[in-house]
Amino acid sequence: MSRRRSPLLRRGRPLRRLAVSLLFVAVGTGLWHFQARELRDSLVWMGVPEWQQVSPTSFHRVLRNEGFLVGWSDVRVNPLWVSYRLQAVEDPRSGPRPGFRQDWRTLWPIGTDHYAGSGFDRGHLAPNYAIAAVHGRDAQLDTFYMSNMTPQRPDLNRRLWQRLEEVVMDHFVPRFGAVQVITGPVFPEGFLDNVFNRVGFVEVPEAFYKIIVVPAERPRALAFLMPQGVRGDEPLDDFLVSIDELEARTGLDFFPNLPAAAAEALEGRVSTRGWALEEVANRPGRFE
DNA sequence: TTTGCTGT
């Protein structure tokens with residue numbers, strides 16, 4: 001006895017196949033989002049920075065790297081913030097210093113010679129040594145992307161900023177076991193500064209911030225604001241500021257997931273208790 | 001070289 005299928009049933013099989021495919025896509029996408037979120041949570045503390053107000057200079061997108069996230073602006077042609085975590089490791093060391101690399105994810109082509117002859121250094125935001133020591137070789141290579149660079153005056157980059165990065169990795173990380181860092185540039189106000197104050201495509205910041213958090217039940221934070229025009233041998237604690245001040249200067253809201261009461265305690269004032277900053281504030285630079 | 005640039 002032969003059974004004839006109705007047209008509906010004959011269409012049923014492809015429909016079922018489509019449904020199964022859609023299910024796979026849905027599950028796959030869900031998993032992908034879950035993993036992306038897990039990855040993001042491992043690289044930030046209390047959420048990625050958000051804008052207090054939307055403006056033309058607030059457009060940015062998140063570039064995912066090994067060991068750190070970059071909030072990249074195709075308007076400023078700068079990283080606006082970089083976020084990473086540093087844990088104490090048994091034997092901190094890095095591989096040989098690699099060369100700088102163009103990042104093809106950026107809209108404007110920023111070649112490795114883009115700053116040449118400008119008087120500005122290609123200053124790392126996610127630092128080579130600390131990221132390499134904690135997160136490995138692939139992460140180290142990623143710190144040399146031009147999307148991780150910002151124009152810094154040599155006396156800042158090679159002296160004061162280098163001293164701060166060294167203190168973070170060699171003093172704070174062993175002291176607390178792990179720290180979360182957010183760092184980035186601060187730009188002058190005013191439209192003309194935005195448009196003309198550039199090295200090639202890249203806008204030149206007037207200062208740089210770095211926030212170091214010890215994640216805990218009662219978190220501690222230290223925040224620094226360092227202008228371009230330093231000598232380089234100043235005490236680090238000359239540049240302490242509150243996180244509230246950095247939010248006012250950058251327009252960003254750091255740690256948006258932090259409850260209001262905790263945010264007020266952490267961000268409203270400068271507190272250096274427990275950091276033993278005085279032990280390291282005058283530590284000389286490595287290359288002086 | 002735990003930062004880089006300039007000149008060969």
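Note on naming: letters A, B, ... go to the chains in the order of the sequence lines (proteins, then strands), and numbering restarts at 1 for each one. The structure displayed is predicted, hence computed values, not measured ones.
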Response to the item:
Sorted by chain and number, sequence neighbours left out, side chain to side chain donor-acceptor pair (under 3.5 Å) with R97(A) holds for none
Worksheet item: Does G117(A) or N128(A) map to a spot on DNA chain B nearer the 5' end, using the closest nucleotide for each?
Response: N128(A)
Worksheet item: Are R105(A) and Y145(A) in a cation-pi contact, defined as NZ or CZ under 6.0 Å from the six-membered ring centre and within 45° of the axis?
Response: yes
Discussion item. Please identify the 5'-most and 3'-most nucleotides of DNA chain B with any atom under 4.0 angstrom from a heavy atom of chain A.
Written reply: dT1(B) to dT6(B)
Worksheet item: Heavy atoms under 4.0 Å, any strand shown: does R122(A) hit a base, just sugar-phosphate, or nothing?
Response: sugar-phosphate
Item to complete: For nucleotides dT1(B) and dC5(B), find the distance between their C1' atoms and express it as a whole number of Å.
Response: 15 Å
Worksheet item: Does the side chain of N148(A) pick up a donor-acceptor pair with the side chain of T143(A) at under 3.5 Å?
Response: no
Worksheet, complete the sentence: Rounded to the nearest 0.5 Å, the CZ atom of R85(A) sits from the NE2 atom of H135(A) at a distance of 9.0 Å
Item to complete: For W51(A), check side-chain contact (heavy atoms from CB on, under 4.5 Å) against everything at least two apart and list the hits.
Response: S58(A), H60(A), L80(A), L252(A)
